[in-house]
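Following: one structure in structure tokens, then a few remarks.
Reminder, nothing fancy here: chain letters follow the sequence lines and each chain counts from 1. Quick note: numbers below take in every heavy atom, side chains included, and nothing from hydrogens, waters or symmetry partners.
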Amino acid sequence: MKIKNLIASGALLAVGTLPVAHAGATLDAVKSKGFVQCGVSTGLPGFSATNDKGEWTGLDVDVCRAVAAAVFGDASKVKYTPLTAKERFTALQSGEIDMLSRNTTWTLTRDTNLGLNFAGVNYYDGQGFMVHKSLGVKSAKELDGAAICIQAGTTTELNLADYFRSNGMKYEAITYDTSDETVKGFEAGRCDVLTSDQSQLYALRIKLKDPKGAMVLPEVISKEPLGPVVRNGDEDWLKVVRWSLFAMVNAEEMGVTSKNVDEVKKTTKDPGKQRLLGLSGIGGKGLKVGDDWAYSIIKQVGNYGEAFERNVGMDSPLKIARGLNALWSKGGIQYAPPIR
Amino acid sequence: MSHKSNDEAPAAPSFWRDPRKRQWIFQILVLALVGLLFAYIFHNTLYNLEKRGISTGFDFLNHEAGFNILMSLIPYDETYTYGRTFLVGLLNTLLVSAIGIVFATLIGFLVGVARLSSNWIISRLANLYIEVFRNLPLLLQILFWYFAILPLLPHPRQSIQIGELFLNKRGLYLPKPIFEPGFGWVLAALGLAIVASILIARWAHRRQEATGQPFPVFWTSLGLIVLLPWLAYGLAGFPLNWDLPELRGFNFRGGIGVIPELFALALALSIYTAAYIAEIVRSGIQSVSHGQTEAAYALGLKPGQTLRLVIIPQAMRVIIPQLTSQYLNLTKNSSLAPAIGYPDLVAVFAGTTLNQTGQAVEIIGMTMGVYLVISLTISAFMNWYNKRMALVER
Amino acid sequence: MAETATVYEPGTHPDLPPPATEVGVIGWLRQNLFSNWWNSLLTVVGLYLAWAAFAPLIQWAILDADWVGDTRDACSSGGACWVFVNVRINQFMYGFYPLEEQWRVNLTGIIFALSLAWLMVPRIPGKRYGALFVLIVFPIIAYYLLGGGSFGLPEVETTRWGGLMLTLILATAGIVAAFPLGILLALGRRSQMPIVRALSIAYIELWRGVPLITVLFMSSVMLPLFLPEGVYFDKLLRALIGIFMFQAAYIAEVVRGGLQAIPKGQYEAADALGLSYWKKMRLVILPQALKLVIPGIVNTFNELFKDTTLVLIIGLMDLLAIIKTSLEDPNWLGYSIEGYVFAGVVFWIFCFGMSRYSMAIERKLHTGHKR
Amino acid sequence: MSDSKKTHPVPEGLPAVQMQGVHKWYGEFHVLKNINLDVDRGERIVICGPSGSGKSTMIRCINRLEEHQKGHIIVDGTELTSDVKNIEIIRREVGMVFQHFNLFPHLTVLENCTLAPIWVRKMPKAEAEETAMHFLEKVRIPEQAQKYPGQLSGGQQQRVAIARSLCMSPRIMLFDEPTSALDPEMIKEVLDTMIELAETGMTMLCVTHEMGFAKTVANRVVFMDGGEIIETNDPHQFFDNPQHERTQLFLSQILQH
């Protein structure tokens with residue numbers, strides 16, 4: 001039985017080395033397996049959540065779908081891996097997912113130390129505060145001594161501590177694991193204030209029994225540029241993801257929507273739109289995808305503005321204003337390099 | 001086992017057929033295999049950590065944490081280090097476990113005895129308690145108690161006030177004693193009273209053995225322990241001040257605050273574990289045969305004496321080992337604290353600190369290590385206890 | 001001495017009915033509820049407590065509840081809104097498993113239930129084959145049936161698995177996979193070989209000493225670090241590996257209890273028959289020991305079943321997690337109590353059933369062992 | 001042995017135990033039917049009968065291990081009612097030996113014997129130990145005093161149980177099948193102890209099938225069947241000339257062995 005044991009343990013080690021991901025050439029790997037494996041949040045209204053049919057929807061999910069549309073011409077060729085904050089980078093590094101689209105803040109450390117590449121910003125966010133209106137507080141500066149409910153996040157606790165320290169104020173932090181508990185704690189009056197990224201504050205607010213009884217304070221205490229992430233050292237794949245995002249922004253800028261894209265494609269004389277839709281110019285060659293890559297994105301996912309309004313904006317229950325996320329031409333900072 | 005050699009040792013079997021040698025070879029192989037596995041994991045981990053640019057080592061423990069913790073038994077604010085957060089979390093874990101253990105034991109014994117009550121309603125209710133709380137996931141129960149209790153409490157501005165005691169959604173606020181120099185006398189008096197009580201108890205025990213005369217040890221000791229320190233307190237000129245909780249701005253400041261998270265978690269842990277303890281107590285008591293009770297009654301012992309002198313000493317031998325493992329479970333289960341925001345070890349160290357530093361291997365390793373040490377300590381105690389008890393039984 | 005109105009010859013005294021206060025409803029009440037003033041007080045307090053606890057619950061959960069409808073507008077009567085659960089029930093049961101493929105889950109469930117019946121109902125013969133089936137054949141069947149991707153079945157990735165189905169899979173697979181290792185560890189712990197024994201003890205104490213939550217953290221965050229670059233396991237599989245390692249230690253202790261309960265004579269008899277160590281264990285000791293540990297195993301399973309709720313912290317969609325996710329749906333905000341109560345009821349039914357079964361077995365074993 | 005002060009005074013002229021029209025039911029089952037029995041001081045009564053005839057139940061009623069529902073039981077002039085005080089008084093004066101010994105396994109033999117004197121009679125420990133050793137010598141196992149019951153043989157355990165009861169200086173001893181759980185070679189040592197006890201003039205009620213014992217020590221033999229006392233007789237009359245046909249049948253069955 002010594003030999004049996006040896007064989008068994010050998011088999012164990014062998015099994016451990018079976019499923020090998022293709023580290024260097026994600027694009028090829030994605031093309032050959034026929035879908036994009038996309039890491040998303042386990043549930044964040046407006047960004048990635050499941051509907052009652054079990055489909056993933058949200059702004060982060062739309063980035064995944066856009067990439068699939070660019071690569072395959074079919075936005076549905078995505079498989080989702082719900083990830084917690086702790087797992088997300090390991091999952092990407094280990095090759096479990098091809099891209100991470102999970103409200104991840106672009107920071108220096110992450111961009112340099114973790115072997116990651118940020119492909120762009122699909123939502124400019126910042127940490128803010130929500131209070132009960134009955135408290136009569138109008139500014140975060142009045143919050144000295146408040147009890148604050150925090151949804152545990154990677155930077156939330158630190159930003160909060162920094163803010164109160166720099167303003168010479170004290171606070172009491174109750175850190176919950178998930179948004180559901182955070183909202184309930186806030187609603188039950190455990191704390192005076194709820195802090196989280198602003199986008200989430202709106203999502204959390206609609207979970208209150210009386211959303212109108214709570215208000216978001218004007219202060220934004222941090223910069224949280226959220227965007228999709230890929231592995232370091234894979235330029236081709238980085239560019240596909242990056243330009244999928246840019247295509248959506250460019251499309252909004254040019255006024256091309258999922259509804260009029262076919263019409264535009266047939267009739268447009270605008271060279272910019274022609275280049276966008278792959279009718280002229282470099283098309284998809286540089287990205288190693290089909291020439292109609294941007295067309296597929298716009299047709300199936302929509303432009304950035306559409307995606308925004310549908311998931312988090314006025315067409316959604318969240319009703320977040322465009323704010324920073326408006327196009328540069330409309331007072332925001334969403335800006336994409338030209339497709340040319 | 002030992003086989004003393006005769007004139008001639010029996011012919012040694014050939015190498016492969018000597019069971020002892022075969023066993024050793026087998027063991028060495030197993031050991032080598034385990035060693036290989038560890039080496040393999042170690043190698044991979046090092047390689048991966050380096051490749052992915054994840055820092056290693058325990059330097060991070062000296063870095064400034066930069067975040068606040070809701071509750072701490074030792075001085076802490078965001079300028080302290082991660083090492084300190086570890087300690088804060090550990091102490092909070094120990095605190096909630098200790099409270100949970102005390103109350104789980106109390107409730108558990110009560111329900112266990114109620115389960116055996118001759119009163120049908122009481123025994124049914126106890127059974128219902130056991131069946132309901134034992135068969136629901138603990139996580140659900142923790143959430144339930146927390147969110148069931150919170151809405152019942154008033155906002156800080158409408159706190160329930162009893163003397164200088166305040167109760168509201170932020171917790172229970174008690175006056176905090178501030179000791180002034182003369183307070184040492186009070187402590188000394190307390191110590192003296194305790195020592196005196198012990199001596200009296202010994203003396204009373206000897207006297208009862210010698211003459212059969214009982215002595216009211218409990219009341220005498222109680223009197224001593226209460227009166228002596230008071231006397232000293234008065235003589236030293238009342239050297240004690242109170243830091244009273246006071247509503248300032250949003251919340252109470254000063255005093256001692258007991259947060260509702262601690263309360264809810266300890267409550268849920270106690271109620272859940274008590275259901276198991278109740279069953280242990282019931283089976284422990286039932287394991288003592290009815291004949292023991294009858295014999296004690298027949299000798300004229302009263303029901304209370306029977307319980308104390310005959311039933312419980314025997315039942316405890318069945319109960320204690322299982323009880324210990326329930327205590328262990330309770331301690332491990334306190335790791336569900338993050339769900340309701342109680343800052344235990346898992347919440348502040350394996351949670352926030354892990355999120356900040358990303359050093360999963362070290363942090364998870366340290367966290368597991370802590371629980372392991374607790375559990376090994378308790379099982380060492382249990383082995384010692386079992387051995388002691390086994391001697392008595394034989 | 002009012003008695004003896006009638007005098008009977010010795011041996012002819014008839015059986016008289018007992019006094020009315022001793023039997024029937026009154027006797028029962030007197031004996032069980034009002035035997036003295038203290039007991040009567042307890043009864044009254046107990047009844048009051050029961051009433052205080054259950055009356056509002058029944059009012060909310062049943063009398064005032066809304067049961068049918070499709071939207072939250074159907075919930076207007078102020079009690080529980082079971083419509084929410086009703087609408088989501090499919091997700092709660094199957095997660096995101098595609099509707100048209102759900103028969104596969106059901107089939108797996110039926111096969112499992114039948115094979116369990118094979119093991120559990122004493123009258124059905126061939127328990128050994130049943131055990132082999134459950135431990136070896138069934139996992140393979142379940143793997144292909146649920147996962148698909150071959151035999152003409154479309155693949156369903158594990159990220160779509162969820163709800164009660166996932167809860168059951170995690171608990172069952174955890175136990176089934178851990179069983180063989182658990183037995184080996186138990187044998188190792190009782191082995192005469194010092195190194196083997198030390199390793200077994202180290203393994204068992206190590207895993208039993210840590211909370212499942214840290215094990216799950218480890219398997220989800222650290223496991224990929226332990227493996228060569230580029231190798232990764234499916235997330236569900238990672239969680240299962242963690243549960244498997246953890247559970248093996250618990251099963252080992254349960255099995256050890258069974259091994260210890262086998263009288264020494266059985267070991268000696270087997271030795272005397274000239275059986276080798278493995279034959280002795282396989283043919284004589286384990287069959288007896290494993291029968292003894294069934295209640296322990298069921299209890300372990302029960303614990304694990306409840307503990308699977310922890311996988312939500314590593315992002316797996318078990319029953320509790322999927323209910324929590326569905327609470328995020330903007331269309332159904334504010335019905336979390338209903339969701340949690342539903343989760344509670346489902347868990348309770350399973351756990352209560354299992355604990356009853358284990359108690360019944362225990363009682364049977366107990367009587368069987370009495371001489 | 002000098003009785004401690006707290007001993008209940010002996011009421012003169014009364015029988016040790018009086019049972020008058022005692023009935024008992026277990027639920028619907030009528031186990032004791034109209035039991036009338038007076039036991040005089042110093043009298044030794046053997047109770048026999050087929051199993052299930054209510055013998056054990058009857059003597060267990062005497063120290064209230066079982067509760068009777070009708071009739072009167074008066075022990076040493078104190079009537080047994082649900083009054084806890086009376087029960088305490090009676091149990092102090094009535095010793096009992098059980099079929100399964102019921103020694104306390106967590107206490108040594110000596111501790112078993114001193115437990116009740118110390119806690120019930122409030123006897124000084126030294127005195128209690130002295131008493132205990134005295135009775136352990138009487139039952140001829142003083143050398144086992146420091147052992148635990150689990151280390152003794154069945155016969156030794158039963159003798160300890162007898163000594164334990166005697167340490168309370170009871171006026172009445174109840175024996176509930178004291179030898180039926182013993183191996184044959186051990187029966188004799190227990191019976192010898194009981195005979196010696198009888199010779200001291202102790203009031204004894206003994207449920208047993210040991211007919212030799214009955215013939216040697218009993219003043220009266222009580223035969224029970226179906227919850228009734230069928231026949232009460234002098235032992236020689238009882239064995240040689242049973243009055244009732246049920247008694248005859250019973251005797252013929254047990255004497256065949």
Inset, instruction - Return the option, out of C/Lys306, C/Arg208, C/Gln192, C/Met218, with the maximum number of heavy-atom pairs under 4.5 Å with chain B. - result: C/Lys306
Inset, instruction - Heavy-atom pairs under 4.5 Å with chain B are the metric here; pick the option from C/Val45, C/Val210, C/Leu47 that has the most. - result: C/Val210
Legend entry - Region of B/Tyr276 that comes under 4.5 Å of a non-hydrogen atom in chain C: side chain
Legend entry - Proximity breakdown for B/Ile41 and chain C, heavy-atom pairs closer than 4.5 Å: both
Inset, instruction - Please flag which part of C/Leu42 lies under 4.5 Å from any non-hydrogen atom of chain B: side chain, backbone, both or neither. - result: both
Legend entry - Region of C/Met193 in contact with chain B, defined by heavy-atom distances below 4.5 Å: both
Inset, instruction - State, with a plain yes or no, whether a side-chain heavy atom of C/Arg189 is found less than 4.5 Å away from one of C/Val196. - result: no
Legend entry - Which portion of B/Leu376 sits near chain C, non-hydrogen atoms under 4.5 angstrom: side chain
Inset, instruction - Under 4.5 Å heavy-atom distance to chain C, tell me which part of B/Leu125 shows up: side chain, backbone, both or neither. - result: side chain
Legend entry - C/Val346, part contacting chain B, at a heavy-atom distance under 4.5 Å: neither
Legend entry - Residue part contacting chain C, namely of B/Thr45, when any heavy atom lies under 4.5 Å: both
Legend entry - Segment of C/Thr214 engaging chain B (4.5 angstrom heavy-atom cut-off): both
Legend entry - Residue part contacting chain C, namely of B/Thr331, when any heavy atom lies under 4.5 Å: neither
Legend entry - Under 4.5 Å from any heavy atom of chain B - which part of C/Asp307: neither
Legend entry - Contact class of B/Leu143 relative to chain C, heavy atoms under 4.5 angstrom: side chain
Legend entry - Pair C/Tyr340 + B/Phe144: ring centers closer than 6.0 Å: no
Legend entry - Distance, nearest 0.5 Å, that separates CZ of B/Phe58 from CD1 of B/Ile363: 9.5 Å
Legend entry - Interface moiety of C/Leu206 toward chain B, non-hydrogen atoms closer than 4.5 Å: both
Inset, instruction - Report yes or no: do B/Asp344 and B/Ser334 form a side-chain donor-acceptor pair below 3.5 Å? - result: no
Inset, instruction - Examine whether an atom of B/Arg124 lies under 4.5 Å from a heavy atom of chain C, and if so say whether it belongs to the side chain, the backbone or both; otherwise answer neither. - result: neither
Inset, instruction - Considering non-hydrogen atoms only, spot the tightest contact between B/Pro343 and B/Asn92 and give its length. - result: O-ND2, 2.8 Å
Legend entry - Region of B/Val361 in contact with chain C, defined by heavy-atom distances below 4.5 Å: both
Legend entry - Residue B/Leu138 versus chain C: region with a heavy atom under 4.5 Å: neither
Legend entry - Donor + acceptor pair across side chains of B/Glu131, B/Asn135 (<3.5 Å): yes
Inset, instruction - Using distance alone, with no hydrogens and no angle criterion, decide if C/Asn302 and C/Ser355 have a side-chain donor and acceptor under 3.5 Å apart. - result: no
